[in-house]
Amino acid sequence: MKLKQLEGLLGSIQQFSNPKIDLEQYPTGPHIASRMLYTAENSFGDVSDKVVADFGCGCGTLGLAAGLLGAQHVIGLDIDDQSLEIASINADDLELDMNFVQCDIKNFRWRDQIVDTVIMNPPFGTRKKGADMDFLSVALKVASQAVYSLHKTTTRDHVKRTALRDYNASSAEILCEVYHIQLICSFASIFCVYPYIIDNISRIHSILLFFMVN
Amino acid sequence: MRLLTHNMLSSNIKGVANGFPLRIEVEKVVEKQVDFNADFLKNMFAKIEWKALVDASRSMGYSELPGDANPSMLDSDDFLQKFHHALLELHLEEGALVCPETGRKFPVNKGIPNMLLHEDEV
Ligand SMILES: C[S@@+](CC[C@H](N)C(=O)[O-])C[C@H]1O[C@@H](n2cnc3c(N)ncnc32)[C@H](O)[C@@H]1O
């Protein structure tokens with residue numbers, strides 16, 4: 001699928017009708033969402049034929065983008081049932097078969113190694129301090145290949161450092177900086193975090209890469 | 001919810017040591033056709049818990065999967081077709097997932113399991 005086509009389809013889906021500010025419910029716009037998933041697929045091969053989880057999926061934008069790019073199994077997780085209901089309608093409209101689970105990411109437990117890639121636009125923690133890091137820590141436990149995550153630019157060093165030091169990421173790379181026209185955040189970067197297992201005691205090694213997108 | 005999702009979920013109640021697999025209570029099952037992808041299935045075979053999948057598919061009324069399976073079966077198209085159907089095409093639409101240790105039920109409505117915990121379970 002072409003990038004423009006993907007962006008067009010994402011632009012047509014229904015978004016939060018009454019966003020809950022406490023849950024930081026703002027959607028990823030079609031421009032950013034399409035590029036984020038397009039990069040994950042075309043530069044890193046982390047989407048098509050993969051098992052992809054969308055953490056804090058809201059109305060499903062990122063997970064649906066993964067489905068449109070050929071992910072084999074997509075699971076959207078969110079704490080809010082109203083968002084999940086909209087996401088599920090969006091999936092039907094796009095004729096995508098996406099799974100959803102209502103849960104709090106913070107205390108969600110999962111069997112490891114099945115999910116290849118986690119994609120997310122987590123709450124930035126402007127309402128609940130540390131929410132972004134809760135998401136990242138769980139994402140890095142669950143993903144066996146990669147995590148693509150949007151973060152506030154001012155937290156970049158902290159996010160990178162913590163992912164590498166405490167969450168067993170093997171690399172943390174800024175793929176691009178994007179300008180969000182949003183009420184809550186004004187600037188965000190896309191991080192790509194790779195966890196891999198170097199030896200049988202699961203020791204993790206790190207590399208840093210950088211990628212710019214217009 | 002596909003049984004692949006079920007195969008990853010586990011009860012996350014505080015104090016529960018082995019919350020996997022969740023038992024399935026069925027009210028309604030739906031089937032949705034999915035394109036067959038043999039490579040995906042072969043790759044998944046090593047990752048999923050076979051017995052949990054067999055039991056789950058049986059509770060959903062599908063009893064074609066063999067109780068034991070090994071990688072050599074992946075050469076059989078017949079086996080792959082059944083595996084495909086159980087893993088990806090059977091959906092729990094209404095019912096519940098039950099914690100194997102505590103019996104706590106997590107309801108499933110419109111295909112979406114609610115795994116949210118009560119305050120005293122966190
Ligand atoms: C910034 S929005 C992103 C929505 C969607 N992924 C998108 O990109 O358009 C963050 C989402 O995380 C959800 N959320 C917030 N806290 C959560 C938690 N503790 N567990 C699960 N989901 C949560 C919100 O309901 C919201 O849908």
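Hydrogens, waters and symmetry mates play no part in the numbers below; they use all other heavy atoms, side chains included. Numbers restart at 1 for each chain; the letters A, B, ... are given by sequence-line order, proteins then strands. Predicted model, so just to flag it, every value in this text is computed and none were measured.
- B:Ile112 places none of its side-chain heavy atoms less than 4.5 Å from the side chain of A:Glu85.
- Side-chain contact annotation: B:Asn114 with A:Asp81, donor-acceptor N/O pair under 3.5 Å absent.
- The environment of B:Lys28 atom NZ is sparse: at most 12 non-hydrogen atoms of other residues, nucleotides or ligands sit within 6.0 angstrom.
- Neither the backbone nor the side chain of B:Leu92 comes within contact range of chain A; no heavy atom of the residue lies under 4.5 Å from a heavy atom of that chain.
- Under the 4.5 Å side-chain criterion, counting only non-hydrogen atoms from C-beta, B:Met1 is not in contact with A:Val101.
- Between A:Ser48 atom OG and B:Phe40 atom CZ the span is 11.5 Å, to the nearest 0.5 Å.
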Between A:Asn107 and B:Glu121, is a side-chain contact (heavy atoms from CB on, under 4.5 Å) present by the stated rule, with each step listed? CA-CA 10 Å; A:Asn107 48 42; B:Glu121 293 173 327; over 6 Å; no
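- When the shell of 6.0 Å around CG of B:Asn70 is examined, it contains more than 12 heavy atoms from other residues, nucleotides or ligands.
- Residue B:Ser11 comes nearest to A:Arg109 through the heavy atom pair O-NH1, 3.6 Å, listed as atom of the first residue, atom of the second, then distance.
- Under a cut-off of 6.0 angstrom, the local environment of NZ in A:Lys20 is crowded, with over 12 non-hydrogen atoms contributed by other residues, nucleotides or ligands.
- Residues B:Met8 and A:Ile75 are in side-chain contact: their nearest non-hydrogen atoms beyond the backbone lie under 4.5 Å apart.
- A 4.5 Å side-chain heavy-atom check between A:Ile114 and B:Met44 finds at least one atom pair inside the cut-off.
- Put simply, the side chain of A:Arg111 gets close to the backbone of B:Lys47: a donor and an acceptor are under 3.5 Å apart.
- When the candidates A:Ile79, A:Asn99, A:Asp49 are compared by the number of heavy-atom contacts under 4.5 Å with chain B, A:Asn99 comes out ahead.
- Proximity to chain B (any heavy atom under 4.5 Å) is shown, for A:Asp78, by neither the backbone nor the side chain.
- For the set B:Lys14, B:Glu49, B:Lys110, the count of heavy-atom pairs under 4.5 angstrom toward chain A peaks at B:Glu49.
- Heavy-atom distances place the side chain of B:Val34, and not its backbone, under 4.5 Å from chain A.
- With A:Asp104 contributing its side chain and B:Leu116 its backbone, the two residues share no donor-acceptor pair below 3.5 Å.
- Between chain A and the options B:Asp35, B:Ile48, B:Asn12, the largest number of non-hydrogen pairs under 4.5 Å is found for B:Asn12.
- Under the ring-ring contact (aromatic ring centres under 6.0 Å, His included) criterion, the residue pairs touching residues 70-123 of chain A are A:Phe108-A:Trp110, with sequence neighbours excluded.
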Please report the C-alpha distance between A:Asp97 and B:Arg2 in whole Å, then the side-chain angles of each, then the deciding distance to 0.1 Å, and finally whether the side-chain contact (heavy atoms from CB on, under 4.5 Å) criterion is met. CA-CA 10 Å; A:Asp97 181 18; B:Arg2 293 172 173 176; 2.9 Å; yes
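- Both the backbone and the side chain of B:Asn7 come within contact range of chain A, each with at least one heavy atom under 4.5 Å from a heavy atom of that chain.
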